[in-house]
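Just so you know, ligand 1 is whichever comes first in the structure, and atom 1 is the first atom listed for that ligand. Any value given below was found using the heavy atoms of this structure, including those in side chains, with hydrogens, waters and symmetry copies removed. What you are looking at is a predicted structure, and each value in this text was computed from that prediction instead of being measured.
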Amino acid sequence: MEELYNTFVNSFTGYAKYLWNTISHPFDGFNYFTWLILVSLAVWILEMLLPWRKNQKFIRKDFWLDAFYMFFNFYIFNLLIFVALSNTSAKLFGKMMSGIGLPSNYLFDLSGLHMVLQFIIYFIIFDFVQWSVHNLLHRVPFLWRFHKLHHSVKEMGFAAHLRYHFFESFLYKTAIYIVLAYVLNFKIEYAFIMHAGAILIGHLNHANVGWDYGPLKYILNNPKMHIWHHAKELPKEHPYGMNFGITLSIWDYIFKTDYVPSSGRDIELGFENVENYPTNFFAQQIEPFKRKQ
Ligand SMILES: [Zn+2]
Ligand SMILES: [Zn+2]
């Protein structure tokens, strides 16, 4: 128990040092803080140069709320949870597995494969796990309470990407950890590259730009597809929603949850009664815990 506790505490102190280092040395090697700001600025400029909804303001409704979410979720509940959870649950999970007679560290080791191949395998599985969790967030009523926050966006723009309840981070990271780290002996260095790529594609998915990468749309998620994910009116054939893709769109095509019937440029976004959903950060964080939904 003490070992677990120490791992947990060391993860936090280590993370605090890391966080301070990234902010105080913005141009030292690859730096998440700089990356998030650069990607956000680049996609924001794209929205200004090539706006899909021409009458949407550059500083749209809830822009600053979403900008806050971007830093809050990215730092506090994304990297931090990832670090603490993967270190601590690595030990805890390992103990549980050895208790039932399985190896305590990992099931399969990909380290004999070429680095690029390892990365591709990790990335495909990473994205599929996220697609599956996203599906559950829509299909399980208890989880939907939390995920509603992401769907409360009424005017779409890049910063909406990271508007979500912090509980979602726990779910995603736990699932990713169990599948990637335990089953496949995932290397943390790859997580940084995958996460950086996912941030860029995720920003673009929510951006006010009207493109879909042509034939690549069947592989890569894109703004013209993801806008339908936020549609207020759901079609009869998809009562729990559609287009659950995070970075890759291919899962939706494989599992028939794809839906892009026409240009979604001006569709209404949200869910039933979205106008009554809280509009400030604290109220939004508390909302899923309220009894009446
Ligand atoms: Zn969703
Ligand atoms: Zn979204």
Side-chain angles (χ1 to χ4, degrees), residues 36 39-40 43-44 47 52-53 56 60-63 65-70 72-74 77-78 127-172 175 195 197-212 217 220-235 237-249 251-252 255 257-260 264-265 267-274 277 284 287-288 293:
L36 180 63
V39 167
S40 300
V43 178
W44 199 14
E47 286 188 340
W52 192 19
R53 292 168 292 278
Q56 183 172 309
R60 62 175 171 82
K61 182 176 163 41
D62 292 339
F63 177 86
L65 173 73
D66 289 339
F68 175 75
Y69 266 112
M70 212 157 73
F72 177 81
N73 275 331
F74 190 77
F77 282 104
N78 210 333
D127 196 68
F128 180 64
V129 170
Q130 293 194 92
W131 180 87
S132 310
V133 172
H134 192 186
N135 250 286
L136 289 178
L137 288 169
H138 280 260
R139 286 167 204 270
V140 179
F142 171 74
L143 299 179
W144 170 243
R145 285 172 170 232
F146 293 91
H147 190 53
K148 258 177 145 173
L149 175 51
H150 181 64
H151 285 263
S152 68
V153 176
K154 291 184 211 111
E155 230 175 33
M156 191 57 80
F158 77 94
H161 174 202
L162 296 179
R163 184 199 294 192
Y164 54 76
H165 197 279
F166 69 83
F167 180 67
E168 285 197 21
S169 294
F170 283 104
L171 287 177
Y172 277 108
H195 196 215
I199 286 288
L200 173 64
I201 298 291
H203 267 39
L204 287 167
N205 290 341
H206 294 85
N208 181 22
V209 289
W211 66 38
D212 58 12
K217 69 182 173 192
L220 270 184
N221 198 3
N222 54 78
K224 281 184 155 176
M225 185 174 192
H226 193 68
I227 195 101
W228 283 102
H229 178 68
H230 284 260
K232 183 171 177 177
E233 298 253 336
L234 296 177
E237 63 269 37
H238 297 297
Y240 295 103
M242 54 280 177
N243 302 352
F244 300 107
I246 307 288
T247 302
L248 301 177
S249 58
W251 312 118
D252 287 308
F255 295 102
T257 47
D258 62 295
Y259 184 77
V260 186
R265 191 185 67 181
I267 56 170
E268 201 178 340
L269 308 179
F271 44 79
E272 214 187 308
N273 286 329
V274 68
Y277 197 79
Q284 288 174 341
E287 183 66 14
Q293 286 284 315

Practice task
Give me the ring orientation class for Trp144 and His138: parallel if the planes are under 30° apart, tilted from 30 to 60°, perpendicular past 60°.
Solution key: tilted

Fill in the blank from the handout: Rounded to 10°, the NE2/His230 to the Zn ion (ligand 2) to NE2/His150 angle comes out at 100°

Problem - side chain to side chain contact (heavy atoms under 4.5 Å, CB included) against Ile201, all qualifying residues, sequence neighbours excluded - result: Asn205, Leu220, Thr247

Exercise for the section: Examine distances only and state if a side-chain atom of His151 and a backbone atom of Gly270 form a donor-acceptor pair shorter than 3.5 Å. Expected result: no

Practice task
Return the orientation label for the His229 and Phe244 ring planes: parallel under 30°, perpendicular over 60°, tilted otherwise.
Solution key: perpendicular

Handout entry: Aromatic ring pairing Phe128/Trp131, orientation class (parallel under 30°, perpendicular over 60°, tilted between)
Key = parallel

Practice task
Indicate if the distance from the Zn ion (ligand 2) to the nearest N, O or S atom of His206 falls below 2.8 Å.
Solution key: yes

Exercise for the section: Could you pull out the atom name of the N/O/S atom in His226 that is nearest the Zn ion (ligand 2)? Expected result: NE2

Practice task
Mind reading off the angle at the Zn ion (ligand 1) between the NE2 atom of His147 and the NE2 atom of His151, rounded to 10°?
Solution key: 90°

Practice task
For the Zn ion (ligand 1), find the closest N/O/S atom on His138 and give its atom name.
Solution key: NE2

